[in-house]
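What you see below is based on every heavy atom in this structure, not just the backbone, and it leaves out hydrogens, waters and symmetry mates.
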Amino acid sequence: MKIKRQKQAKKTLSFYKYNFNFREPYQILIDGTFSQAALKNKIQIKEQMPKYLMGEVQLCTTNCALKELETLGKELYGAKIILQRYQVRKCQHFKNPVPASECLLSMLENTNPHHYFVATQDFKLTTSLKKMAGVPLLYIILNTIVLEKPSQSSLDQVQAVQLGELISPAQQQILCSMKEEQGIGQKDGERQGKKRKRKQHNPNPLSCLKKKKKNGPTQTLTKTEQGQKKTRSRHKKRVTQGKDRVSTSKVQKPPNQK
């Protein structure tokens, strides 16, 4: 029976992994009814839950579930001590506590975006959770923890996604992230978003180099002492070898012969 239960649990876990994007560590919301049943049946939740789900687990509860056990009296004192060992997640009813069933329903937000498992023995809560898609349920039967098969609403949603009528939650998250990046669906003032601060970079090493002087024709000037006139220096033209030098004097023309 143990092997059968683990096989069934593995099958349901793979269903929620591939269709609703559940990942480890699995977050499990526990109420007072589940902790009381575990205390009666001598089940150690911290040890048995990861073995049954074959992965890492985060056990958590809400402030409303703890306040509910306080009001019920000394009979549920042991269940309260068990719940106090787990993480307390923030809910919307910090100032005005509500029953644990209402609080857990509000934590799921109709689509279960945080991928919570719900561990409870409350019949009314389980019936309302079965109407929601993508919510795994855990309860205790005959001294054992049982992961319930996917509800009909979850199966219907998966079938609708496969037929192309709906978008899966994983695809919906991708679309929302793409819209946020491009600023679609936001207000006009929020579309531009915050300006990114530019990081300080080192200056360009080429801009730090000294400018080179242009190599142009330079005139050599003779140094003159104070009181003397400046003299210009004339450059003589150089004639290449093999050619006759041409004198600067005028060439006399021969007389015209009669």
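Between the side chain of S153 and the backbone N or O of K130 there is at least one donor-acceptor pair closer than 3.5 Å. No side-chain donor-acceptor contact under 3.5 Å links T144 to the backbone of I140. Remark: side-chain polar atoms of T62 are not paired, donor with acceptor, to backbone N or O of C91 under 3.5 angstrom. Formation of a donor-acceptor pair under 3.5 Å by the T126 side chain with backbone atoms of D122 is found in this model. A distance-only check finds no donor-acceptor pair linking the side chain of S154 to the backbone of A133 [under 3.5 Å]. The closest donor-acceptor contact from the side chain of N112 to the backbone of L108 lies at 3.5 Å or more, if one exists at all.
Hydrophobic clustering (side-chain heavy atoms under 4.5 Å, transitive across Ile, Leu, Val, Met, Phe, Trp, Tyr) groups L29 together with V135. I43 and I81 sit in two unconnected hydrophobic clusters of ILVMFWY residues. Membership requires side-chain heavy atoms under 4.5 Å apart, directly or through other members. No single ILVMFWY cluster, assembled from side-chain heavy atoms under 4.5 Å apart, contains both I28 and V118. No single ILVMFWY cluster, assembled from side-chain heavy atoms under 4.5 Å apart, contains both V88 and V98. In terms of hydrophobic clustering, with Ile, Leu, Val, Met, Phe, Trp and Tyr side chains grouped at heavy-atom distances under 4.5 Å, L129 and V146 are assigned to different clusters.
Here the CZ-CG distance, from R89 to L104, works out to 12.5 Å after rounding to the nearest 0.5 Å. Atom CE in M107 sits 9.5 Å away from atom NE2 in H93 (nearest 0.5 Å). Atoms OG and CG, on S35 and L59 in that order, are 11.5 Å from each other to the nearest 0.5 Å. With rounding to the nearest 0.5 angstrom, the CG atom of N110 is 12.5 Å from the NZ atom of K131. With rounding to the nearest 0.5 angstrom, the OG1 atom of T33 is 9.0 Å from the CG atom of L69. Here the CD-CG distance, from E102 to L125, works out to 10.5 Å after rounding to the nearest 0.5 Å.
For the pair L147/F117, a side-chain contact is recorded, criterion being any heavy-atom separation below 4.5 Å from C-beta on. Taking 4.5 Å as the limit, some side-chain heavy atom of N21 sits within range of a side-chain heavy atom of H115. Proximity of Y16 to N19: side-chain heavy atoms (C-beta onward) are nowhere separated by under 4.5 Å. For the pair Y26/M49, no side-chain contact is recorded, criterion being any heavy-atom separation below 4.5 Å from C-beta on. Within the 4.5 Å cutoff, side-chain heavy atoms of V158 are placed close to those of F15. Counting heavy atoms from C-beta outward, L105 and S128 have side chains that approach closer than 4.5 Å. Side-chain contact between K67 and E70 is present, with heavy atoms from C-beta onward closer than 4.5 Å. Within the 4.5 Å cutoff, the side chain of Q36 has no heavy atoms near those of the Q121 side chain.
D31 and T120 share a donor-acceptor pair across their side chains, judged by distance under 3.5 Å alone. Side-chain N/O atoms of Y52 and R5 include no donor and acceptor closer than 3.5 Å.
Below 30°, between 30° and 60°, or above 60°: for F22 and F20 the angle between ring planes is above 60°, a perpendicular geometry.
With a 6.0 Å radius and a threshold of 12 heavy atoms from other residues, nucleotides or ligands, I141 has its CD1 atom above the threshold. Taking a 6.0 Å sphere around CD of Q44, one finds it holds 12 or fewer heavy atoms contributed by other residues, nucleotides or ligands. More than 12 non-hydrogen atoms from other residues, nucleotides or ligands lie less than 6.0 angstrom from CD of E24.
Shown here for P97 and K95, the closest heavy-atom pair between the two residues is CD-O, 3.4 Å. Across every non-hydrogen atom of H114 and Q27, the tightest pair is O-NE2, 3.0 Å. In terms of heavy atoms, L13 sits closest to L53 at CD1-O, 3.3 Å. Residues T12 and E148 approach most closely at CG2-O, 4.1 Å, considering heavy atoms. For the pair S151 and M132, the tightest heavy-atom approach, listed with the atom from each and the gap, is OG-O, 3.9 Å. Closest approach of M54 to K10, counting heavy atoms only: CE-CB, 3.8 Å.
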Test side chain to side chain contact (heavy atoms under 4.5 Å, CB included) on C60 and Y116; report intermediate values, then the result.
CA-CA 10 Å; C60 50; Y116 283 120; 4.2 Å; yes
